[in-house]
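Would you mind keeping the following structure in view while I ask a few things?
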Amino acid sequence: MKVKEIIDKLYLENNASFEELLFLLDNLTPTDKVYLVEKAHETRMKTYGNTVYMRGLIEFTNICKKNCIYCGIRRENKQADRYRLTLEDILECVEIGDRLGYKTYVLQGGEDDYFTDERMIEIIRAIKDKFPNNAITLSLGERSYESYKKMYEAGADRYLLRHETATKELYESLHPGASFEERRECLRNLKEIGYQVGAGFMVGLPNQKNSDLVNDLLFVKEFEPHMCGIGPFIPHKDTPLKEEKGGTLEMTTTMLALIRLLLPNVLLPSTTALGSIDPVGREKGLKAGGNVVMPNLSPTSVREKYSLYDGKICTGDEAAECRKCIEGRINKAGFRVEITRGDNVAWAKENGYHKVTKGNIQLENIKLI
Ligand code: 5AD
Ligand code: SF4
Ligand code: FES
């Protein structure tokens, strides 16, 4: 078995076995890595071309009842300075975002019981009233089937819920009191309800072996999410994992490239965490198959407080500055920003959305009835 042959197989068949993927991770040389990234890039060019979609991230609460041992806003971190945005604050972010060309907003927060279904529905409706053509992505952790359904019916389009790790023992060691099975159940429910769903995992967690990463790859292949968020684990100073080593740029870009080969249609963010461990991390992520960036739209007054890991970038920059900065970076890396909702291509086809373009600019994904 040769690594290059496995990469060729991945490129042609978008599949590989556990043994092949493990062999690849265990034996990947720098030359193989160049080839892997090349093939991932070719694959993304076939599905999405050189476009990159932007999502405006609104971190609306850092209050969380969970206690994930890697996370800086975990319940037991008494150092965290907690906040919640009001409906008005959120709408202000959304308006600024729309003017800057963000046609999707990601409402992300800790698992905060203040944001009941009623409150979330009010927020979702208020955004959709103002911007009916813009997409809303939620990222609020685990909730009941009914809750997910109500928010979907109120107008939410997508939901991000990383599976974090597909190895049960590792999952349980990182998430005291949480259930591996329940998280997976949530992912299945979200899909059944009709959301475009994002799974995803961290790279370089303490005690994470290559075989665990293969579990992640195969889980994602099987579950077939519309999006997949992958970032390096980065230690946070006020958590039990503060002394641990974090994930690397190399390992994370390898995972991005492999996910692109396994799921050619997937929306694959080049994450802020990747940009935080390397000055050109996000650019490298885009070159390895990534096609989404999620710049921050949260008010600057709270950015530093939404601290999941140390060294997060963009905490002092206004939304407009990030917008300009990110487009410059994307262009410099050889890609271009597309001002649209940026749906998963396979999902758009299935759901009757068609691209309407003017010149080489896509105006909107329009539903033809
Ligand atoms: N390092 C990297 N990513 C983290 N996340 C939480 N804490 C950290 C950390 N210390 C990720 C989790 C979560 C997402 C919102 O942020 O994967 O799902
Ligand atoms: Fe809460 Fe999410 Fe952090 Fe876990 S990772 S403590 S659920 S904000
Ligand atoms: Fe925020 Fe560059 S993307 S300052």
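Ligands are counted one by one from 1 in listed order, and the atoms in each one are counted from 1 as well. Quick caveat, the model's predicted, so the values are computed rather than measured.
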Check your understanding: Considering only heavy atoms of Lys66, which atoms of ligand 2 have at least one such atom less than 4.0 Å away?
Key ->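 Contacts of ligand 2 toward Lys66, numbered from 1: 1 (Fe), 6 (S), 7 (S).
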
Review point. Given the protein's heavy atoms, is any one of them under 4.0 Å from atom 1 (Fe) of ligand 2?
Key: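 True for atom 1 (Fe) of ligand 2.
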
Point to revise | Any donor-acceptor N or O pair under 3.5 Å, side chains Asp8, Tyr35 | key: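 A donor-acceptor contact under 3.5 Å links the two side chains.
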
**Study point:** Glu164-ligand 1 polar pair, N/O distance under 3.5 Å
**Key:**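 In this structure, Glu164 places an N or O atom under 3.5 Å from an N or O of ligand 1.
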
Check your understanding: Are any of the side-chain heavy atoms of Arg260 and Leu268 separated by less than 4.5 Å?
Key ->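 Side-chain contact under 4.5 Å: yes.
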
Check your understanding: What residue and heavy atom of the protein are closest to atom 10 (N) of ligand 1, and at what distance?
Key ->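 Closest protein heavy atom to atom 10 (N) of ligand 1: Ile234 O, 2.7 Å.
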
Point to revise | Short side-chain donor-acceptor distance under 3.5 Å, Tyr159 and His226 | key: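 No, no side-chain donor-acceptor pair sits under 3.5 Å.
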
**Study point:** Side chains of Asn291 and Tyr53, donor plus acceptor under 3.5 Å
**Key:**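 No, Tyr53 and Asn291 have no side-chain donor paired with an acceptor closer than 3.5 Å.
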
Check your understanding: Any donor-acceptor pair under 3.5 Å linking the side chain of Asp32 with the backbone of Thr29?
Key ->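 Checking the backbone N and O of Thr29 against the side chain of Asp32, a donor-acceptor pair under 3.5 Å is found.
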
Exercise for review: Using a strict 4.0 Å cut-off to heavy atoms of Arg162, name the atoms of ligand 1 that fall inside it.
Suggested key: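 Every atom of ligand 1 under 4.0 Å from some heavy atom of Arg162: 11 (C), 12 (C), 17 (O), 18 (O).
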
Point to revise | Heavy-atom nearest neighbour in the protein, as seen from atom 5 (N) of ligand 1, with distance rounded to 0.1 Å | key: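 It is Met202 SD, 3.9 Å.
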
Review point. Applying a strict 4.0 Å limit to heavy atoms, is His236 in contact with ligand 1?
Key: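 It does not; every heavy atom stays at 4.0 Å or beyond.
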
Exercise for review: Could you tell me whether Glu5 and Lys9 make a salt bridge, using a distance below 4.0 angstrom between a side-chain N and a carboxylate O?
Suggested key: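 Answer for the salt bridge query: no.
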
Check your understanding: Do the charged groups of Glu321 and Lys324 touch, with an N to O distance under 4.0 Å?
Key ->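 Not counted as a salt bridge, because no side-chain N and carboxylate O are separated by less than 4.0 Å.
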
Point to revise | Ligand-residue contact atoms, ligand 3 with Cys314, heavy atoms, under 4.0 Å | key: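 Reading through ligand 3 atom by atom, the close ones are 1 (Fe), 3 (S), 4 (S).
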
Review point. Do any of the N/O/S atoms of Cys71, backbone or side chain, fall under 2.8 Å from atom 3 (Fe) of ligand 2?
Key: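 Yes, since at least one N, O or S atom of Cys71 sits under 2.8 Å from atom 3 (Fe) of ligand 2.
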
Check your understanding: Taking only heavy atoms of Asp317, which atoms of ligand 3 are found under 4.0 Å from at least one of them?
Key ->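 Listed by number with element, the hits are 4 (S).
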
Review point. Can you tell which of Leu274, Leu308, Leu160 gets a heavy atom nearest to atom 16 (O) of ligand 1?
Key: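 Of the listed residues, Leu308 has the closest heavy atom.
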
Check your understanding: For ligand 1, is there an atom lying under 4.0 Å from some heavy atom of Pro232?
Key ->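 Distance cut 4.0 Å: Pro232 passes for ligand 1.
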
Review point. Tyr114 ring centre to Arg119 NZ or CZ under 6.0 Å, with the angle to the axis within 45°?
Key: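 Yes, Arg119 and Tyr114 form such a contact.
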
Check your understanding: Between Gly72 and ligand 1, does any nitrogen or oxygen pair lie at a separation below 3.5 Å?
Key ->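 No.
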
Check your understanding: Is the distance from atom 2 (Fe) of ligand 3 to some N, O or S atom of Cys325 under 2.8 Å?
Key ->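 Of the N, O and S atoms in Cys325, at least one lies under 2.8 Å from atom 2 (Fe) of ligand 3, which means yes.
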
Exercise for review: Answer yes or no: is there an ion pair linking Arg158 with Asp343, defined by an N-O contact shorter than 4.0 Å?
Suggested key: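 Asp343 and Arg158: salt-bridged.
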
Exercise for review: Would you check if there is a donor-acceptor pair between the side chains of Glu76 and Asn67 at a distance under 3.5 Å?
Suggested key: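 Yes, a side-chain donor-acceptor pair sits under 3.5 Å.
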
Review point. Is any side-chain N of the basic residue among Lys103 and Asp98 closer than 4.0 Å to the acidic one's carboxylate O?
Key: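 Answer for the salt bridge query: yes.
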
Practice item. Would you mind listing which atoms of ligand 2 come within a distance below 4.0 Å of any non-hydrogen atom of Cys64? Key: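 It comes down to these atoms of ligand 2: 1 (Fe), 6 (S), 7 (S), 8 (S).
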
Practice item. Would you check whether Arg282 reaches within less than 4.0 Å of ligand 3, judged by its heavy atoms? Key: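 Yes; Arg282 lies near enough to ligand 3 that a heavy-atom distance drops under 4.0 Å.
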
**Study point:** Side chain proximity check, His163 to Val220, heavy atoms < 4.5 angstrom
**Key:**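 Yes; the side chains approach each other to less than 4.5 Å.
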
Check your understanding: So which protein heavy atom does atom 7 (N) of ligand 1 come closest to, and at what separation?
Key ->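 Result: Tyr70 CD1, 3.2 Å.
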
Exercise for review: Taking only heavy atoms of Cys71 into account, list the atoms of ligand 1 that are under 4.0 Å away from them.
Suggested key: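 Those atoms are 7 (N).
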
Practice item. Could you find the nearest protein heavy atom to atom 4 (Fe) of ligand 2 and give me its residue, atom name and distance? Key: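 Residue, atom and distance for the closest contact: Cys68 SG, 2.2 Å.
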
